[in-house]
Every structure is written in C-alpha cells, then in structure tokens.
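These notes concern the structure reproduced below.
Keep in mind the model is a prediction, meaning the values are calculated, not measured. The analysis underlying the following values was restricted to heavy atoms, covering all of them including side chains, and did not include hydrogens, waters or symmetry mates.
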Amino acid sequence: MNILYQSQPLAFTRLSSDEQLATSREFLARMQTRRTVRDFSTEPVPFELIANAVATAGTAPSGANQQPWTFVVVSNALIKTQIRLAAEAEEKISYERRMSAEWLAALAPLGTDWHKPHLEEAPYLIVVFRQAYGVTINPDTGAEERIKHYYTEESVGIAVGLLLASLHQAGLATLTHTPNPMAFLAEILGRPANERAYVLIPVGYPAPDATVPTIIKKPLDEIMVLFE
Ligand code: IYR
C-alpha cells in the first residue's frame with residue numbers, strides 16, 4: 001500500500017450546458033481583448049489585484065506539485081530604476097550586436113527597441129523565478145541538500161499564463177518581457193542560487209495615449225487540428 005497517497009473527494013460543481021457555454025464564450029471574448037502593452041501610466045494599482053493574480057498563478061499544476069516558482073513583486077522606485085538600467089544595458093548589446101538580422105526582422109512589426117521606460121513607469125514589476133531545484137536542510141547533518149524538480153519550464157509557463165489571465169481579467173495591462181541574459185535580476189533582487197529569472201512583467205494601467213502594434217492572432221482553424 002502507498003501510505004504517502006492521501007486522497008479526498010473532488011469538489012466539483014457541474015454547470016448546466018447553458019452556463020458552460022455562456023462562461024466559456026465570455027471568457028474567450030474577454031481574453032481576446034488582451035494586448036501586450038509597452039506604454040504604461042504611472043497611476044497606482046490596488047495591491048490586492050497583484051496579490052490575487054500571484055495567488056491565482058499559484059493554483060497552477062506543476063511537476064510533482066513542487067510549485068517551482070517565486071514571484072517577486074517590486075514597486076520600490078529605486079529597485080525599478082536599477083532593473084531598468086541593467087535591462088537596457090543588456091538589451092542595447094542585444095539589439096546592436098547579439099540578435100541576428102533574421103531575429104530583428106521578426107521583431108520589426110512589434111516596433112521594439114532597447115529603450116525600456118516602462119520598467120520605471122509601471123507601478124509594479126513582477127519578476128517570475130523558476131526554481132531549477134529545491135533546497136532542504138538535512139536534519140541529521142545540517143547540510144544543505146538539493147531536491148530534484150521536474151518539468152519546471154512547463155510548470156512556470158502555465159503559472160505565468162494564469163497570472164496574465166488574472167491581471168487582464170482585473171483590468172490591468174501587462175508586458176511579458178525577457179531581457180536576455182536575465183541573470184542581473186537574481187542579483188539585484190538577491191535571489192538564491194536555485195532560482196533562475198523566467199520573465200519580467202511590468203503591470204499597470206495603459207498610458208492614455210498607449211498604442212499597440214497591429215497584429216492578428218491565428219484563427220482557430222489554423223491552430224486546432226481535430227480528429228473526430
Ligand atoms: N527581449 C527584447 C527583444 C524581444 C524579443 C522578442 I522574441 C519579442 O517578442 C519582443 C522583444 C525586448 O524586450 O525588446
């Protein structure tokens with residue numbers, strides 16, 4: 001017998017077919033209005049919206065339920081400035097030297113460059129870290145030991161998806177920003193050796209004059225393959 005397996009009845013609310021369709025359509029319509037935003041207002045955001053989004057992210061499934069994530073929430077202006085300066089330094093090198101012509105061409109329709117004023121303007125930065133492995137103290141020896149983590153990339157990716165959905169649902173704008181390399185984030189934020197920066201997400205209200213690139217999402221028949 002597996003003595004470690006403890007179970008309980010599933011709490012599950014069965015919706016009527018009408019409710020299922022209505023909520024599914026509403027959610028789709030709402031998510032179709034999400035846009036990645038690069039022009040942020042400095043207007044403050046209620047902290048609970050951020051906390052609820054992080055708590056929502058924390059409901060994500062993860063490999064062996066190890067929940068290999070840390071969400072660092074920054075509103076401190078000095079730290080935001082430090083992050084902006086370090087990110088821009090890396091991005092400048094990337095845009096001028098590291099990124100291939102093919103990559104720059106792929107990004108051209110998005111209108112991005114190395115300037116990242118949103119890293120100071122957005123009221124919150126959420127820096128998501130992936131815990132490449134866990135750390136525990138051996139009670140007998142007092143030594144630090146590593147715990148193997150499974151599927152951390154997939155787990156953190158799913159959690160970030162839920163985070164973005166929650167923030168959008170709460171009427172906030174986000175930018176999924178991956179300055180590369182991102183090691184400076186662990187340094188500035190004093191994160192332990194097992195944590196790797198995964199994505200940096202400015203969160204706030206869009207600036208009143210915010211613009212977004214004209215892009216289209218692939219239609220359903222291009223992204224779904226159906227065998228019936
Ligand atoms: N990290 C850079 C470049 C960049 C890369 C991709 I792929 C994008 O979809 C957008 C930007 C930047 O943030 O500017």
Side-chain angles (χ1 to χ4, degrees), residues 30-31 33-62 66-91 110 112 114-132 134 149 151-207 210 212:
R30 180 89 187 103
M31 291 311 293
T33 68
R34 190 200 60 77
R35 290 300 311 261
T36 289
V37 166
R38 292 186 170 80
D39 309 319
F40 284 86
S41 157
T42 56
E43 185 185 341
V45 159
F47 174 71
E48 193 187 338
L49 302 181
I50 306 293
N52 287 346
V54 173
T56 299
T59 69
S62 61
Q66 284 168 323
Q67 305 165 63
W69 42 61
T70 305
F71 300 86
V72 179
V73 176
V74 180
S75 64
N76 180 287
L78 290 177
I79 300 176
K80 284 197 289 184
T81 298
Q82 272 181 283
I83 290 176
R84 175 183 177 178
L85 294 177
E88 286 185 332
E90 289 294 1
E91 293 286 27
L110 301 182
T112 58
W114 64 265
H115 296 95
K116 305 295 174 193
H118 43 258
L119 293 175
E120 286 183 296
E121 287 163 359
Y124 286 104
L125 304 179
I126 303 179
V127 190
V128 184
F129 287 89
R130 176 179 70 87
Q131 297 170 354
H149 276 174
Y151 296 101
T152 57
E153 295 280 356
E154 293 84 348
S155 304
V156 179
I158 295 167
V160 169
L162 296 183
L163 180 81
L164 297 178
S166 171
L167 292 166
H168 178 65
Q169 196 70 13
L172 294 173
T174 58
L175 167 62
T176 34
H177 181 39
T178 50
N180 199 9
M182 285 198 281
F184 68 88
L185 290 167
E187 229 167 273
I188 292 174
L189 299 169
R191 300 313 303 161
N194 63 326
E195 294 192 3
R196 314 273 182 273
Y198 185 87
V199 66
L200 163 55
I201 308 175
V203 184
Y205 296 102
V212 290

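Residues Phe129 and Leu189 meet the side-chain proximity criterion, which asks for heavy atoms closer than 4.5 Å. Within the 4.5 Å cutoff, no side-chain heavy atoms of Val127 are placed close to those of Ile188. For the pair Val156/Val199, no side-chain contact is recorded, criterion being any heavy-atom separation below 4.5 Å from C-beta on. A heavy-atom distance below 4.5 Å is found between the side chains of Glu153 and Tyr198.
For the pair Pro202 and Phe40, the tightest heavy-atom approach, listed with the atom from each and the gap, is O-CZ, 3.6 Å.
The distance from the NE2 atom of His118 to the NZ atom of Lys80 is 12.0 Å, given to the nearest 0.5 Å. Atom CG of Leu85 and atom CD of Glu90 lie 12.5 Å apart (nearest 0.5 Å). Rounded to the nearest 0.5 Å, atoms CG (Asn194) and NE2 (His149) are 7.5 Å apart. In this structure, OG1 on Thr152 lies 9.5 Å from CD on Gln66, to the nearest 0.5 angstrom. The structure places CZ of Arg34 at 12.5 Å from CD of Gln169, a figure rounded to the nearest 0.5 Å. Here the CG-CG distance, from Leu164 to Leu172, works out to 11.5 Å after rounding to the nearest 0.5 Å.
The closest donor-acceptor contact from the side chain of Arg196 to the backbone of Ala193 lies under 3.5 Å. With hydrogens and angles ignored, the 3.5 Å screen pairs no side-chain donor or acceptor of Ser166 with any backbone N or O of Leu163.
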Side-chain polar contacts of residues 173-182 - donor-acceptor pairs under 3.5 angstrom, sequence neighbours left out - could you list them?
none

Atom pairs and distances, donor-acceptor, side-chain atoms in residues 41-52, under 3.5 Å, two or more places apart:
| residue | atom | partner | partner atom | Å |
| --- | --- | --- | --- | --- |
| Ser41 | OG | Glu43 | N | 2.9 |
| Glu48 | OE2 | Asn52 | ND2 | 3.0 |
| Asn52 | ND2 | Glu48 | O | 3.4 |

Scan the side chains in residues 67-75 for donor-acceptor partners under 3.5 Å anywhere in the protein, sequence neighbours excluded, and list what turns up.
| residue | atom | partner | partner atom | Å |
| --- | --- | --- | --- | --- |
| Gln67 | NE2 | Asn65 | O | 3.2 |
| Gln67 | NE2 | Asn65 | OD1 | 3.1 |
| Thr70 | OG1 | Gln131 | NE2 | 2.8 |
| Thr70 | OG1 | Glu195 | OE2 | 2.8 |

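In this structure, Tyr151 places its OH atom where only 12 or fewer heavy-atom neighbours from other residues, nucleotides or ligands lie under 6.0 Å away.
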Would Val212 and Thr36 count as a side-chain contact (heavy atoms from CB on, under 4.5 Å) if you check the C-alpha gap in whole Å, the side-chain angles of each, and the deciding distance to 0.1 Å?
CA-CA 8 Å; Val212 290; Thr36 289; over 6 Å; no
With side-chain contact (heavy atoms from CB on, under 4.5 Å) as the test, would you mind laying out the steps for Thr33 and Arg30 before giving the verdict?
CA-CA 6 Å; Thr33 68; Arg30 180 89 187 103; 3.4 Å; yes
